[in-house]
Amino acid sequence: MSTLTARPLHQFELNTLSHVPDVYAWSALNDLPYGDDVVPVVDLESPDAVGLIGRACEEWGAFQITGHGIPLHLLDRVEAQTRRLFSLPTAQKLKAARGPGRLSGYGLANTSSFYSNIFWSEGFTIVGSPHDDARKLWPEDHEEHCCVMEEYNRLIKDLSGRLLRWMMLAMGLHDEDMDWAGLLSKADPVLQLNYYPVCPEPDRAIGIAHHTDSSFITILYQSSGESGLQLVHREDAAGPARWVTVPPRRGALVVNVGDLCEIVFNGRIRSVMHRAIVNRTQTRISVAFFCGPPPEFNVAPMEKLIGPNERPAYPAMSWPEFLSLKRKLYNKTLEYLRSPEQEAEDHKNTSETTNQ
Ligand SMILES: C=C1C[C@]23C[C@H]1CC[C@H]2[C@@]12CCC[C@@](C)(C(=O)O1)[C@H]2[C@@H]3C(=O)O
Ligand SMILES: O=C(O)CCC(=O)C(=O)O
Ligand SMILES: [Fe+2]
């Protein structure tokens with residue numbers, strides 16, 4: 001396993017290939033059985049939205065939302081701008097390549113550096129303002145792109161604050177326990193545009209390998225047509241852990257619970273393992289909004305969720321500390337934080353501090 005570093009871009013133009021070259025071949029795609037259960041769909045205008053969200057978070061760590069107030073024509077424009085970006089010639093896209101140590105720009109998904117095989121996808125990350133990178137792609141003609149992305153960021157940030165507040169209420173907490181809107185207003189919005197070209201042998205490739213998002217929640221738009229997003233439904237009375245496909249639904253958005261919520265809610269809800277697969281017939285795009293905190297945020301379980309005489313299920317740390325741990329341990333991060341070894345380590349650190 002390596003740490004997150006920039007990696008060379010594709011050696012191939014994926015949409016021209018008639019077979020999957022070995023560096024793109026994945027063997028562990030069927031590690032779990034498939035389930036045909038359906039990820040809950042919550043209408044945010046429904047009177048029991050809070051309860052439905054709470055149940056979906058506890059059972060799935062994910063749900064689709066309708067009635068979210070983001071106009072369909074804006075979603076269409078976001079999709080059109082995303083397709084326009086990825087259909088630029090490779091040389092042009094490389095002008096906005098994600099440089100070493102930078103999060104924003106064009107390249108493979110960052111997490112691809114954990115694997116020796118390459119993802120069948122391209123990514124473009126927008127952190128904060130879209131202007132700098134868009135100017136590199138379209139020196140004369142980036143106004144429309146920036147306008148659309150900024151408007152989307154504004155509405156989706158607002159929506160994420162509402163959703164987090166409802167999740168908190170569903171967990172029996174109250175408005176005074178966390179000012180989500182205030183907290184999120186201090187963070188840079190992060191948008192990840194994903195592009196999955198058609199693939200001649202979809203069973204041999206992966207769009208983005210399984211992972212959890214680090215954010216509080218991720219709000220994902222996926223293009224209609226072929227589905228690609230799959231998530232792990234944990235073992236329950238109905239069966240063992242299984243892959244479940246989240247079909248695109250016109251106008252709906254997918255909400256994924258991320259690692260930060262798992263920690264803040266002290267494990268009452270868990271982040272959802274998910275991946276994107278590819279298909280033979282339709283180019284797919286997705287746009288993920290990662291709802292994260294400002295750098296100074298203290299990542300720790302909320303006091304009220306820790307029972308009397310109970311230790312928090314996760315140790316406290318800063319957000320940059322969490323991200324650097326995640327860069328090292330990737331899918332093992334939360335398991336490590338919950339483990340007894342970590343508790344011992346945590347205890348040692350606390351006694352060192354108190355001994356000083
Ligand atoms: C709010 C977030 C979520 C982050 C970290 C932080 C800021 C940047 C986000 C992304 C965006 C691109 C994919 C990812 C994997 C990456 O490398 O940077 C994401 C990551 C995560 O989910 O871990
Ligand atoms: O394309 C998708 O459906 C998933 C994308 C994703 O998981 C991500 O960008 O983190
Ligand atoms: Fe993701």
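One-based numbering, in listed order, for ligands and for the atoms of each. Values below: all heavy atoms of this structure, side chains included; hydrogens, waters and symmetry mates excluded.
- Checking only distances, Gln192 never comes within under 3.5 Å of ligand 2, N or O to N or O.
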Listing, residues 61-75 side-chain donor-acceptor contacts under 3.5 Å, not counting sequence neighbours, or none:
unit_1: Gln64; atom_1: NE2; unit_2: Pro247; atom_2: O; d: 3.0
unit_1: His68; atom_1: ND1; unit_2: Ile70; atom_2: N; d: 3.0
unit_1: His68; atom_1: NE2; unit_2: Gly251; atom_2: O; d: 2.6

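- Near Leu220, meaning under 4.0 Å from one of its heavy atoms, ligand 2 places the atoms 3 (O).
- When the options Val127, Asp188, Thr212, Val190 are ranked by their closest heavy atom to atom 9 (C) of ligand 1, first place goes to Val190.
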Run the side-chain donor-acceptor check on residues 41-48: report pairs under 3.5 Å with partners two or more places apart or on a different chain.
unit_1: Asp43; atom_1: OD1; unit_2: Glu45; atom_2: N; d: 2.8
unit_1: Ser46; atom_1: OG; unit_2: Asp48; atom_2: N; d: 3.1

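- Numbered from 1 in the order shown, with element, the atoms of ligand 2 that lie under 4.0 Å from a heavy atom of His274 read 7 (O).
- Taking the six-membered ring for Trp and the full ring otherwise, the centers of Phe322 and Tyr314 sit at least 6.0 Å from each other.
- Each of the atoms 1 (O), 2 (C), 3 (O) of ligand 2 lies under 4.0 Å from some heavy atom of Arg284.
- Residue-ligand proximity, Asp213 to ligand 2, at heavy-atom distances under 4.0 Å covers atoms 10 (O).
- For Trp319, the ring pair (Phe, Tyr, Trp, His ring centres under 6.0 Å) test picks out no residue, with sequence neighbours left out.
- Within the sub-2.8 Å shell of the Fe ion (ligand 3), the protein contributes these N/O/S atoms: His211 NE2, Asp213 OD1, His274 NE2.
- Ligand 1 lies nowhere less than 4.0 angstrom from a heavy atom belonging to Phe289.
- Here is the list of ligand 2 atoms found below 4.0 Å of a heavy atom in Tyr196: 1 (O), 2 (C), 4 (C), 5 (C).
- Nearest residue to atom 19 (C) of ligand 1 from Phe216, Phe124, Phe290 is Phe290 (criterion: closest heavy atom).
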